[in-house]
Amino acid sequence: MNGVGNYHTHTRHCDGTGEPREFAEAALRKGMPRLGFSGHNVLPFPTDWTMPKENLSSYLEETRAVKAWYEGSLQVFIGLEVDYIPGLTSPAHPDIRALGLDFVIGSVHFVGPRDGQHEWTVDGDRAELDLALREGFDGSARALVERYYRLLGEMALSARPDIVGHFDIVKKNNRDGRYFSEDAPWYREAVDGALESIAKAGIVMEINTGGVVRGTSGALYPSRWILERARELAIPVMVNADAHAPENIDGHFPESLSLLRSIGFRAQRQLTSAGWADQPL
Ligand SMILES: [Fe+2]
């Protein structure tokens, strides 16, 4: 199992740029042996980043065609990044299971109902977060953050996606510590609760380099101290790019792999054509 794979990839079918074939070509060019597609699944309300309903079948068709075309030179896996919104959508939804995907990334981007049609998101810009805090959480960042991690833990145990996406993306707009401190006991407790659920569920946590490569948060998800806790809990990890363009499918990988090594991880988990396997670091 030489070389590392990337399993977090967004094509033009959702909010990425590039055809599935162009991502596969980039993987070959970079000498990557494995590539997973993980388009943002269709949601029951409109956003400007999830797949419009009419794109789902072409996404599946085109990624299947790429998988067949590159057989023997590149291992291609077809997945989705599925939101967990209680009562609305889940990685364990029968419609998702019925697609027969190779893998599913489970992510929490939403923390509560907004106006009967939309949900408050933690993955928007600062203005959107401020609005969510003011109108949805009585101005309490702690309430929003605690809800985020509660949902993440709930998702791990109830839906058991193969991979948990960008564990602490709730810090996206907190670069300057304006909303909370990661040293606060309540924050550490919320993180620990979610980590324990992930450990119990026996699922993989990704190190997501998207915030660094795209410059949105300037930080890896999750923070180093959270990875240290994950190692204590024996949670399997993998490095993923959250790539929205072909050239980014291995962005910040060497640094992330050496970070894992420096924490004491001996392996990262990979999906291969023979199933899930640990790749020595
Ligand atoms: Fe995401």
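Here the structure is a predicted model, which is why all the values come from computation and not from measurement. The residues of the chain are indexed from 1 along the displayed sequence. As the structure lists them, so they are numbered: ligands from 1, and atoms in each ligand from 1.
The Fe ion (ligand 1) has an N, O or S atom of His109 closer than 2.8 Å. Among the atoms of His166, an N, O or S atom is found under 2.8 Å from the Fe ion (ligand 1).
Between Tyr7 and Trp276, the ring planes lie tilted relative to each other; the angle falls in the 30° to 60° range. Aromatic ring orientation, Phe45 versus His118: perpendicular (interplanar angle above 60°, classes split at 30° and 60°).
Using a cutoff of 4.0 Å between basic side-chain nitrogens and carboxylate oxygens, Lys200 and Glu196 are not scored as salt-bridged.
Nearest N/O/S atom of Glu81 relative to the Fe ion (ligand 1): this is OE2.
Side chain of Arg188 to backbone of Glu182: a donor-acceptor contact under 3.5 angstrom is found.
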